[in-house]
Structures are given as structure tokens and as C-alpha cells.
Amino acid sequence: MKTTKYFTFLSVLILLCAGIWSCEDKLEHEYTINEPVYMPTEEFKNAVKTESAKEMLVTGKIYFYQDYILVNEKFEGIHVIDNSDPTKPINSKFISIPGNIDMAIKDDILYADSYTDLIAIDISDINTISIEKRFADIFPFSLPPTDNNYQIGQIDPEKGVVVGWKVKRISEKYVEPKYYPYYDDIMFSEASMSNGAKASAGGTGKAGSMAKFMINSNTLYTLDSSSSLRLFDISNPDQISKNGTLNVGWGMETLFVYESNLYIGARNGMYIFDITNPFAPQFVSQYSHFMSCDPVVVHNDLAYITLRAGNFCGQNTSQLDVVDLSDITAPTLLKSYSMENPYGLGIDDDMLFVCDGTAGLKIYDASDPLNLGSNLVKVYSDMTPYDVIPLGSILVLISPEGLFQYDYSDINNIQLLSFITIAPKLD
């Protein structure tokens with residue numbers, strides 16, 4: 001009898017405890033998310049168009065073509081600057097391209113990324129552009145950046161392309177223990193010209209050193225991700241075609257073509273590929289350095305590489321490396337120069353331009369690369385430059401403060417030609 005009462009009491013106790021724990025497990029959980037804002041797929045495919053000029057707000061890559069400077073507005077499209085007169089550039093048009101970051105041009109065909117897609121746009125008439133071809137799902141799935149640290153809400157590809165975020169407070173019941181997904185920070189990185197600031201009609205434009213798109217002859221190279229290089233045959237604008245993919249390593253960030261070689265700036269070094277056969281790049285050599293963000297430019301038998309520390313780039317050292325390429329199979333460090341936080345750079349014969357972030361634009365006489373520190377010609381410290389394009393006598397520079405152009409035909413008398421302000425970002 002006592003045993004029966006004992007088990008009855010124990011059973012009731014277990015049920016009560018289970019009920020209590022069950023109630024306690026069902027907690028009300030509140031948190032804030034970035035809820036996706038979608039653009040329907042069909043609308044996304046038809047969103048590429050020419051619009052009237054817009055203010056530059058959050059700029060990225062720059063490109064020079066004929067009488068135009070093209071400036072990327074991150075994830076929005078491309079500002080078209082009429083640069084017929086470099087002393088009076090005109091912000092003339094805006095090409096709306098959702099998700100755009102990179103660009104390259106050959107023979108009036110603009111190649112641009114649009115989130116996951118690569119599109120080829122006929123810009124022979126800038127007022128009436130048209131898409132010649134679209135390659136879907138070329139690039140990894142990417143998302144626009146957020147301006148906060150809230151987690152990202154669930155994404156439904158069926159609803160279209162994510163083009164923005166709406167901060168939303170979520171309240172839901174759940175049973176503990178329950179673990180929500182961990183969201184990594186979403187990180188977006190990142191031919192010879194004759195003297196003067198005007199390219200020949202047609203032909204290929206010129207990119208800055210932060211470019212992930214590069215054209216060489218009839219080949220378009222794109223860094224699809226941090227490890228994959230995709231090749232496109234663009235010899236015939238009516239028959240643009242994919243021509244292979246090459247796994248080139250890890251942490252690849254920038255592309256630069258010089259003579260018959262493709263130089264890839266990576267977080268752990270510089271990779272060199274022979275592109276004598278443009279559709280079959282052959283690995284030549286690698287110059288290794290500590291982990292950092294790393295664009296590269298080349299002139300004659302020297303490579304100049306900026307290494308930027310901090311953020312996701314790696315170490316705490318920022319510097320400029322000068323690398324000997326006289327033996328292309330064995331690149332060798334000649335000398336390193338301390339920098340603050342360098343980004344892009346450009347080389348034109350004996351003129352070296354370094355965007356040293358908060359330390360400003362630094363211009364060097366590079367005729368003696370082993371003594372750059374003693375040959376600093378000019379420093380513009382009132383800006384935080386991102387990238388430059390030297391054009392024989394005119395330098396095009398982009399920074400959060402604006403689009404600058406300088407006449408450097410006289411190294412001892414560098415002159416500011418023009419300046420287009422970038423509107424300050426509102427909080």
C-alpha cells in the first residue's frame with residue numbers, strides 16, 4: 001500500500017514538474033533583425049537603364065573610357081562623368097544597375113556585375129543603352145551591406161533579389177534550449193594608354209588598381225569569388241561567350257594586366273599568370289607576404305604592392321612593397337616602405353601614386369625605387385583616397401570626399417584641375 005502511494009505521488013510530482021518546465025521553456029523572445037527588401041526577379045532583369053544624373057553618395061571603383069569617367073555607386077549603378085574638359089567635368093548621366101560593384105569596357109560594350117549576374121551593355125548611345133547579353137548566376141550570392149550589427153532575417157529567393165534591408169523588431173515564442181544561426185559579417189571588398197586624358201575611339205578603357213574586372217585584347221577576366229577566375233570571349237559583341245574557369249588560389253582580390261602577364265593581388269601575396277594564350281592562363285610564380293589587403297601595379301620589371309592591415313585583412317602592419325620581377329619566375333622583395341592604411345595605387349613611368357587612406361595621397365618620384373622615402377614629391381592630406389588612374393598627364397582620383405583630377409605633367413608643379421563633391425552621408 002505504501003509502495004502504491006509512493007509511485008502515485010512520484011507520478012504526480014513528475015507531471016507537475018514537466019508542466020512547470022514546459023511552461024518555463026515557452027519563452028517570449030524579442031530581437032531586432034534586418035528584414036530583406038526584395039526586387040522581383042523580372043523587375044531586376046529590367047532595371048538596367050539610363051537615368052538623369054544623381055549625386056554621388058557611396059562610391060567605389062572608377063574607370064576611364066574615351067571622354068568619360070565612370071564612377072561606381074555601390075550596389076546602385078554607375079555615374080557617367082563627361083570629361084571632355086578635365087577642368088570642367090560634368091556629372092551627366094546615371095546607369096542604374098542593381099548590385100553593381102565592378103566594370104570594364106571594350107568597343108562601347110560595358111561589362112558590369114549585377115549581384116549574381118554579369119551583363120554586357122551597349123553604351124554606344126549613352127542615352128539609349130541596351131543589354132546585349134546577361135549571364136545569370138556567375139558570381140556568388142551576395143547581399144547589400146547593412147549599417148548596423150543586427151542579424152539578417154530569413155531570405156526567400158522565391159521573392160526575388162535582396163536589394164536592401166528594413167530594421168524590424170521580432171517577437172516569437174520558442175522552446176529552450178534553442179540556438180539561432182550565427183551570421184558572419186558580410187564583407188564586400190573590393191592596357192596601356194597614350195599620353196593625355198582621352199582614349200581613342202572604341203578600344204579598351206582603363207581601370208583603377210582595385211579592379212576585379214580586367215580586359216586584355218578580346219578576353220574579359222573576372223574574379224568571381226576569392227578563388228575563381230572566369231574567362232569570357234568578347235571578340236564579337238554579338239556572340240559574347242564564357243570560355244572557362246580557373247581556380248587561382250584563395251583570397252584573390254584585384255587584377256592587373258601588364259604586357260603578357262596577369263597579376264592577381266591576393267591576401268597572402270601576388271600571383272602571376274602568363275596569358276600569352278589568353279584563354280589558358282599558365283601559372284608562373286607567386287610572391288608571398290603576410291596576410292593583408294593587396295592591390296598591385298606593374299611597370300617594367302618592378303611590381304608595387306600596397307599591404308593594408310586591420311579589418312578582415314590580417315596583420316597590424318601597413319606598407320608598400322617594391323618587388324623585383326627581372327626573373328618573373330622568382331619575384332623578390334627589394335624594399336618595403338611604411339604606410340598608414342593604403343588602398344589603391346598607380347604607376348606612370350617614374351611617377352608613383354599611392355592612396356594611403358587617412359594619410360592622404362602620396363606622390364613619389366619612382367626613378368630610384370630603393371629611395372622612395374627620400375623622393376616624396378607631394379602629399380595631399382586633406383582627403384582619404386581610395387583609388388587612382390594615371391592617364392599620362394592627368395590623374396583621376398576617387399575618395400569619400402569627391403572625384404579629383406590633377407595635372408602632373410610637371411612633377412614640380414602638380415595642379416588640381418577639378419573636383420566633384422561627393423555628398424556627405426546622412427546619419
Check: Asp321 side chain, Leu333 main-chain N or O, donor-acceptor pair, under 3.5 Å:
no
Taking C-beta and beyond as the side chain, do Asp350 and Asp365 meet within less than 4.5 Å on heavy atoms?
yes
Where do Ser318 and Arg308 land on the side chain to side chain donor-acceptor pair (under 3.5 Å) test, with the steps shown first?
CA-CA 5 Å; Ser318 290; Arg308 185 174 79 259; over 6 Å; no
Any donor-acceptor pair under 3.5 Å linking the side chain of Glu401 with the backbone of Thr384?
yes
Min side-chain heavy-atom separation Val388-Cys355 under 4.5 Å:
yes
For Tyr68, look at atom OH and say whether over 12 heavy atoms of other residues, nucleotides or ligands are found less than 6.0 Å away.
no
Between Ser96 (side chain only) and Gly77 (backbone N and O only), is there a donor and an acceptor less than 3.5 Å apart?
no
Walk me through it: do Tyr65 and Leu110 pass the test side-chain contact (heavy atoms from CB on, under 4.5 Å)?
CA-CA 10 Å; Tyr65 181 72; Leu110 167 65; over 6 Å; no
Given the side-chain rings of Tyr63 and Phe213, with only the six-membered ring counted for Trp, is the space between their centroids under 6.0 Å?
no
Test item: Asn277 and Gln282 side chains (from C-beta on) under 4.5 Å apart, heavy atoms:
no
Backbone N or O of Gly392 within a donor-acceptor pair of the Tyr408 side chain at under 3.5 Å?
yes
Distance from Ile69 atom CD1 to Ile90 atom CD1, nearest 0.5 Å?
12.0 Å
Is there a donor-acceptor contact under 3.5 Å from the side chain of Asp113 to the main chain of Ile101?
yes
Hey, which of Thr222, Leu229, Leu223, Ile264 is the one that makes side-chain contact (heavy atoms from CB on, under 4.5 Å) with Lys212?
Leu223
Among Phe279, Tyr258, Phe283, the one residue meeting ring pair (Phe, Tyr, Trp, His ring centres under 6.0 Å) with Phe273:
Phe283
Under 6.0 Å from the OH atom of Tyr150, do we count more than 12 heavy atoms belonging to anything else shown?
no
Going through the distances and angles, do Glu259 and Asn261 end up as a side chain to side chain donor-acceptor pair (under 3.5 Å)?
CA-CA 6 Å; Glu259 296 181 344; Asn261 293 311; 5.9 Å; no
For a 4.5 angstrom cut-off between non-hydrogen side-chain atoms, does Phe75 reach Val163?
no
Look only at the side chain of Asp67 and the backbone of Asn83, and say whether a donor-acceptor pair between them is shorter than 3.5 Å.
no
Can you check whether Phe256's main-chain N or O pairs, donor with acceptor, with Tyr221's side chain at less than 3.5 Å?
no
Smallest separation among heavy atoms of Leu220 and Ala104, with atom names
CD1-CB, 4.2 Å
Here the pair of heavy atoms bringing Glu73 nearest to His79 is OE1-NE2, 2.7 Å
Flag the pair Leu395 / Leu361 as yes when at least one side-chain heavy-atom distance between them is below 4.5 Å, and no otherwise.
yes
Less than 4.5 Å apart, any side-chain heavy atom of Lys242 and any of Leu118?
no
Decide whether Lys335 and Asn371 meet the rule of one side-chain donor and one side-chain acceptor closer than 3.5 Å.
no
Go through the steps for Leu391 and Phe64 under the test side-chain contact (heavy atoms from CB on, under 4.5 Å), then give the verdict.
CA-CA 9 Å; Leu391 301 169; Phe64 181 81; 3.6 Å; yes
Taken to the nearest 0.5 Å, the spacing of Thr306 OG1 from Leu345 CG works out to 5.0 Å
Between Phe404 and Tyr380, is the gap from one ring center to the other below 6.0 Å?
no
Can you name the nearest heavy-atom pair linking Met270 to Leu325, along with the distance?
CE-CD2, 4.0 Å
Okay, side chain of Asp387, backbone of Ser209: is any donor-acceptor separation there less than 3.5 Å?
yes
side-chain contact (heavy atoms from CB on, under 4.5 Å) assessment of Phe232 paired with Asn243:
CA-CA 5 Å; Phe232 295 85; Asn243 208 285; 6.0 Å; no
Give, for atom CD1 of Ile155 and atom CG of Asn34, the distance between the pair rounded to the nearest 0.5 Å.
10.0 Å
List the atom of Val323, the atom of Pro331, and the distance in Å for their closest heavy-atom pair.
CG1-CB, 3.7 Å
For side-chain contact (heavy atoms from CB on, under 4.5 Å), just list the numbers for Tyr111 and Ile240, CA-CA rounded to whole Å, side-chain angles, deciding distance to a tenth of an Å, and then say yes or no.
CA-CA 11 Å; Tyr111 301 91; Ile240 302 165; 3.7 Å; yes
Quick one: pull up CG in Leu397 and CG in Leu403 and give me the separation to the nearest 0.5 Å.
8.0 Å
Under 3.5 Å, is there a donor-acceptor pair between the side chain of Thr332 and the main chain of Ala330?
yes
Parallel, tilted or perpendicular: which one describes the rings of Tyr386 and Tyr343, with boundaries at 30° and 60°?
tilted
Look at atom NZ of Lys378 and say whether more than 12 heavy atoms of other residues, nucleotides or ligands are closer to it than 6.0 Å.
no
Please check if the number of heavy atoms outside Gln239 that lie under 6.0 Å from its CD is greater than 12.
no
Can Asn72 and Asn100 be said to form a side chain to side chain donor-acceptor pair (under 3.5 Å), step by step?
CA-CA 7 Å; Asn72 160 250; Asn100 174 249; 2.9 Å; yes
Between the side chain of Ser285 and the main-chain N/O of Ile272, is any donor-acceptor distance below 3.5 Å?
no
Side-chain heavy atoms of Gln405 within contact of Pro89, under 4.5 Å:
yes
Sub-4.5 Å side-chain heavy-atom contact between Val161 and Pro98
no
Quick one: ring-ring contact (aromatic ring centres under 6.0 Å, His included) partners of Tyr263, sequence neighbours excluded?
none
Correct closest heavy-atom pair for Ile363 and Leu376 would be O-CD1, 3.5 Å
Heavy atoms only: give me the nearest Thr219-Ile234 pair and the separation to one decimal.
N-CG1, 4.0 Å
